[in-house]
Undergrad: 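Structure provided below as structure tokens; questions to follow.
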Amino acid sequence: MADSKQVLSIIQAIGEKIESEKDYLTELDQPIGDSDHGINMARGFAAVEKKLPTLAGKDIGSILKAVGITLVSTVGGASGPLYGTAFMRAGMAAPGKLEIDMDDFLKMLDAAVQGVEQRGHSTTEEATMIDAMVPALTAMQQAAAQGKDAKTVLEAGTKAAWAGVEHTKGLVATKGRASYMGERGIGHQDPGATSFAYVMETISSSLA
Amino acid sequence: MVGIVIVSHSENLAKSVVELAHMMAPTAKFAPAGGLEDGTFGTSFERVQAAIESICSDDGVVVLMDMGSAVMTTEMVLEMMPDKKVVMADCPLVEGAVTAAADAAGNMPLEKIMKDLSSLFTTHKF
């Protein structure tokens with residue numbers, strides 16, 4: 001499905017996507033959070049982009065771990081430890097690999113989801129990125145089990161991630177800064193779920 | 001003496017909490033870790049790590065945090081230093097800092113300080 005060179009270019013593309021959606025992500029964070037999600041994510045991925053040339057030739061596990069550590073050190077908000085943990089756990093699930101197939105990718109995403117749940121002491125239905133991650137993972141596992149090709153599986157994941165984003169509008173946040181809003185947060189789309197959908201969408205379109 | 005690290009999204013808040021607690025216990029060992037390198041709000045992995053390392057001894061370190069990413073970032077720093085005696089306290093920041101300062105300056109062991117901090121949730125202001 002992807003070799004380490006493609007993984008590097010996907011990460012680069014994720015950074016570009018986050019940068020181009022920076023203002024939108026921050027706008028989503030304004031009514032329910034501290035108005036910094038887009039700014040924080042863009043700062044983190046700008047640091048990742050600088051780091052990428054030093055990762056050329058490394059295995060996929062090492063690349064993702066380095067991306068995770070960079071995000072933790074530079075994002076500054078909750079998405080730092082959360083995305084940082086996600087990338088680090090995904091990397092730990094692909095040790096020494098120079099190439100990954102769909103089976104590997106699903107294991108990596110599963111490890112990433114578990115990492116985010118553990119780090120955020122959170123689960124689905126709490127209006128967080130997990131509400132986009134879990135449906136994406138489930139949809140891809142199902143599509144893969146039906147023997148669909150990689151492109152179809154990734155597209156199913158992206159579609160489910162965006163449906164998850166839509167679903168966060170009806171939820172009361174019980175984790176993170178949005179939890180201080182209580183029921184006033186209903187109707188607002190979760191910024192973290194949205195940025196994850198962009199990540200998923202970028203992975204999908206890069207490999208299509 | 002047990003060291004105390006104050007992690008906050010705000011550089012000023014972390015420093016001021018230290019200042020306030022120092023009034024109670026001038027000899028307590030504190031290290032603030034607030035804000036990001038560029039002066040904006042947020043929690044910096046490196047600042048938290050450096051603060052802990054700056055006051056770490058065999059007696060240990062207790063870390064107090066404001067909220068959200070301060071907690072998660074501290075968790076990650078602690079996972080990277082499994083050989084150090086560092087614990088996170090789940091308690092109100094200001095009351096916790098004053099309690100920990102008084103305890104640590106009185107040379108209480110880490111375990112006893114953590115017990116005092118955990119009782120703060122049932123201590124009312126009035």
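Keep in mind that the numbers below use all heavy atoms, side chains included, and drop hydrogens, waters and symmetry copies. In what follows, chains are A, B, ... by sequence order, proteins preceding strands, each numbered from 1.
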Undergrad: Could you tell me the separation between the CZ atom of B:Phe41 and the CG atom of A:Asn40, rounded to the nearest 0.5 Å?
TA: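 If I round to the nearest 0.5 Å, the distance is 12.5 Å.
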Undergrad: If every non-hydrogen atom of B:Ser69 is compared with every non-hydrogen atom of A:Pro81, which pair is closest and at what distance?
TA: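 Heavy-atom minimum between the residues: O-CG, 4.3 Å.
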Undergrad: In Å, rounded to the nearest 0.5 Å, how long is the span from CZ of B:Phe45 to OG1 of A:Thr74?
TA: 11.5 Å
Undergrad: Which heavy atom of B:Leu36 sits nearest a heavy atom of A:Val75, and at what distance?
TA: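 For B:Leu36 and A:Val75, the tightest heavy-atom pair comes out as CD1-O, 4.5 Å.
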Undergrad: Near B:Lys85 NZ, under 6.0 Å, is it more than 12 heavy atoms from other residues, nucleotides or ligands?
TA: yes
Undergrad: Are more than 12 heavy atoms from other residues, nucleotides or ligands located less than 6.0 Å from atom NZ of A:Lys17?
TA: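 Counting neighbours around NZ of A:Lys17, more than 12 heavy atoms of other residues, nucleotides or ligands fall under 6.0 Å, so yes.
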Undergrad: Counting only heavy atoms not in B:Lys15 (residues, nucleotides, ligands), do more than 12 fall under 6.0 Å from its NZ?
TA: no
Undergrad: Would you say that more than 12 heavy atoms from the other residues, nucleotides or ligands in this model lie under 6.0 Å from the NZ of A:Lys97, or not?
TA: no
Undergrad: Is the count of non-hydrogen atoms from other residues, nucleotides or ligands lying under 6.0 Å from A:Tyr180 atom OH greater than 12?
TA: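 Check fails, neighbour count at 12 or below.
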Undergrad: How long is the span from the OG atom in A:Ser73 to the CE atom in B:Met76, to the nearest 0.5 Å?
TA: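 Answer rounded to 0.5 Å: 9.0 Å.
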Undergrad: Might you confirm whether atom CG of B:Asp83 has over 12 heavy atoms from other residues, nucleotides or ligands at distances under 6.0 Å?
TA: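 Counting other residues, nucleotides and ligands, CG of B:Asp83 exceeds 12 neighbours.
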Undergrad: If you count heavy-atom pairs within less than 4.5 Å of chain A, which of B:Thr40, B:Thr43, B:Val77 leads?
TA: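 That would be B:Thr43.
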Undergrad: Kindly determine whether B:Glu79 and A:Arg119 satisfy side-chain contact (heavy atoms from CB on, under 4.5 Å), including the steps that lead there.
TA: CA-CA 11 Å; B:Glu79 282 170 20; A:Arg119 180 70 60 215; 2.9 Å; yes
Undergrad: When heavy-atom pairs shorter than 4.5 Å are enumerated against chain A, which of B:Glu46, B:Met80, B:Gln49 gives the highest number?
TA: B:Glu46
Undergrad: Name the region of A:Arg177, side chain, backbone, both or neither, that has any atom closer than 4.5 Å to a heavy atom of chain B.
TA: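 Looking at A:Arg177, just its side chain touches chain B.
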Undergrad: Counting heavy atoms not belonging to A:Asp101, are there more than 12 under 6.0 Å from its CG?
TA: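 Yes, enclosed.
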Undergrad: Taking every non-hydrogen pair under 4.5 Å, which of B:His9, B:Glu75, B:Glu37 racks up the most with chain A?
TA: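 That would be B:Glu75.
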Undergrad: Is chain B contacted by the side chain of A:Thr85, its backbone, both, or neither, given a heavy-atom distance below 4.5 Å?
TA: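 For A:Thr85, heavy atoms of backbone and side chain both lie under 4.5 Å from chain B.
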Undergrad: Locate the shortest heavy-atom distance separating B:Met72 from A:Gly120; write the atom from each residue and the value.
TA: SD-CA, 4.0 Å
